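All values reported here derive from a predicted model rather than from experimental measurement. Every chain is numbered from 1 and lettered A, B, ... according to where its sequence line falls, protein lines coming before strand lines. Basis for what follows: all heavy atoms, side chains included, without hydrogens, waters or symmetry-related copies.
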2 protein chains.
Amino acid sequence: MVTRNDVARHAGVSVAVVSYVLNNKSIVKEETRLRVLRAMEELNYQPNLTARSLKTKRSGQLGVLTNFIGNPFEAGILLHLEEAARQYGYMITYHTYRDEHAEVLKAQLAGRVDGIILLGQSLPDDLLDTFNKRNIPLVSIMKPAHLEIPLTYVDVDWQAAYGKIFRLLKQQGHSEIALMSHGNSLNPLQARMASAIHLLETDESFRHMKYQVLEGRGRYENAYHAIMQLSEPHFTAILCANDLMAIGTIAACRDKGWRVPNELAVIGSENILMVGETNPPIAAVEYPRIQAANMAVEKLIQLIGGHHGDVESDLIQADFISRPSLGRDQE
Amino acid sequence: MVTRNDVARHAGVSVAVVSYVLNNKSIVKEETRLRVLRAMEELNYQPNLTARSLKTKRSGQLGVLTNFIGNPFEAGILLHLEEAARQYGYMITYHTYRDEHAEVLKAQLAGRVDGIILLGQSLPDDLLDTFNKRNIPLVSIMKPAHLEIPLTYVDVDWQAAYGKIFRLLKQQGHSEIALMSHGNSLNPLQARMASAIHLLETDESFRHMKYQVLEGRGRYENAYHAIMQLSEPHFTAILCANDLMAIGTIAACRDKGWRVPNELAVIGSENILMVGETNPPIAAVEYPRIQAANMAVEKLIQLIGGHHGDVESDLIQADFISRPSLGRDQE
DNA sequence: CTGTTAGCGCATTCAC
DNA sequence: GTGAATGCGCTAACAG
């Protein structure tokens, strides 16, 4: 491995000057600067980032934690997170998070990441606490269901998004609906559903609508089974907190012989590529992935930079994509 | 930050002993070992991995490079790569690779990863060369289209997999088929198609079959447009090198009014969740993701360990999942 | 068994 | 403008 020493010798300067060229830039005389640059070129020198990290106490790495990157929604966001991170000179370390990984994760991240992005993922309080103590800031994409420990987040304004949908459903005459979510109260999908329930219970215009909650655990298979278990649907529309559950629901309806949307309207919450191709195609909220990813990275970088006070959580407005699973569009 | 020094002081031993407890294990007297462990516990000590890396010249990080993690196929493999890496005590850094990122990537990985996994991705020769010189081993998931520089890979035995499919098509009376792939000869999807073409041109039992190649660039949208451009299909079956193109094909057929499978049979090559839910559901080769991910990580770890001679590339046998897009199943 | 010590490659203070 | 020297936190001889 060629180090700073080799470059210095080859350029006939001291090691410090090489560092100056690499960092402080302007201090060095133009002539020597060029000599150093040429030496780096000729030796094919690349600064060792691990050594730099040790010295600067900045790793230049951001950890992304998610429960299941197999979900196209999370994968799509990861894509944009990486892009945004690169823009800021950071790189991404990716981690599947499950509670049983907590200890390994603590060890693996020690001294290795400057900040953490929770991607549709919440963390137990003691883990949050650990990162707090280590001064590793966190940003969550998806509003955490509980906020014992303050946490900066970015999410869709679900209340607004679902409000639009309920209004459409009301226009179409639906009065009994189902909500499918993830029963674990720590799961961030619960924040989506909480918004829906809040609306249904407090907004005057929806007071007449009856609703029930189904457990889909955020996954295709579980949603499928949840529907298959029902003898009769006592609802005419179902709003799913994520798209995989909506797709599982459609699949179950087909196997049950329930016609969508005639007997049951189905609605998703992310608009992954897949929902446009199911039979029938599924109407869904369009989760603004790029915007969410960019905002999350920006906020995290700010927090890393120490701007604690002025980094606020944000809600994003989302569009709604109408498709046949909703039935006739009354807009 | 609590360091090894703090622990040593708190436990009343030297810094070396703390290291011994952490690494060499057995050398230390049980009593002091426990004292040290308790000190670590009480101080909530975590070894700084960056510092360790600098000393040991091992980062404990594996880089994963892929062009587009938005594809559920790649995302699904990433999931298992992370799992396997964790098993071996490594963690994953994720990078979107495009040629214009080459320089940034070289810089970002310097001293930061012990090995690299190419996920459905090939690299220009000079970049491969760079990693070679730096002694960073690579393993590719997907056989590279060209092998100028030797590269360990793991992939499906496409010749065997597509052989099964062509036999089925033949039984069903298809004699004109289309292959959809990615025209860039560097793209790893080309290796899949090369196998198909090789079979069609050299296997006696398929000599009578006519084929043509369509350009889908590996993406849904491009596949869709490629089909939409056709006035008439001069083929009765289409084999797509990846599933997103198969889904794009189905979507285009719907918009063209071509019935699948009656007028056109469509086949994919990965069996992502999505292909079971399209209209009609798409038959596909089942890419053994877990196995491929595990093998890739194992090989990479071996290469990192210096076992150059005995790390061979491997081909995996894949099953075929029949679905309505293929028409009547004659097995 | 345990302590002392010398770096790993880099950034940076302080002289010159 | 440039160089010498220090230390980031850790591992691993080596000495005791």
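Contact annotation: the side chain of A:T152 never approaches that of A:S140 to less than 4.5 Å [non-hydrogen atoms, C-beta and beyond].
Within the 4.0 angstrom heavy-atom criterion, base atoms lie near A:R4.
In this structure, of C:dC10, D:dC8, D:dC10, it is D:dC10 that holds the atom nearest to the side chain of B:Y45.
More than 12 heavy atoms of other residues, nucleotides or ligands shown are found within 6.0 angstrom of CD1 on A:I27.
Atoms OG1 and CD, on B:T66 and A:E82 in that order, are 10.5 Å from each other to the nearest 0.5 Å.
Within the structure, no pair that satisfies the ring pair (Phe, Tyr, Trp, His ring centres under 6.0 Å) test touches residues 94-135 of chain B, not counting sequence neighbours.
Near-neighbour residues of DNA chain D inside residues 15-23 of chain B, defined by a heavy atom below 4.0 Å, number-ordered: B:A16, B:S19, B:Y20, B:N23. Residues from residues 29-39 of chain B lying near DNA chain C, meaning a heavy-atom separation below 4.0 Å, are B:K29, B:T32 in numerical order.
Five base pairs at each end of the helix from C:dC1-D:dG16 to C:dC16-D:dG1 define two local axes, and these are offset by 40° (rounded to 10°).
Residue side chain B:K55 does not reach the base of D:dG9 through any donor-acceptor N/O pair under 3.5 Å, judged by distance alone.
For A:L79, the side-chain contact (heavy atoms from CB on, under 4.5 Å) criterion is met by B:F68, B:I69, B:T96, not counting sequence neighbours. The side chain to side chain donor-acceptor pair (under 3.5 Å) search around B:S59 returns B:D114, not counting sequence neighbours.
Under 4.0 angstrom from either OP1 or OP2 of D:dG9 there lies no side-chain N or O belonging to B:R52. The side chain of A:S14 contributes an N or O atom lying less than 4.0 Å from OP1 or OP2 of D:dG3. For A:K57 and D:dG9, the shortest distance from a side-chain N or O to OP1 or OP2 is below 4.0 Å.
Atom-to-atom, CG of A:L54 to P of C:dT12 comes out at 13 Å; the value is rounded to the nearest Å.
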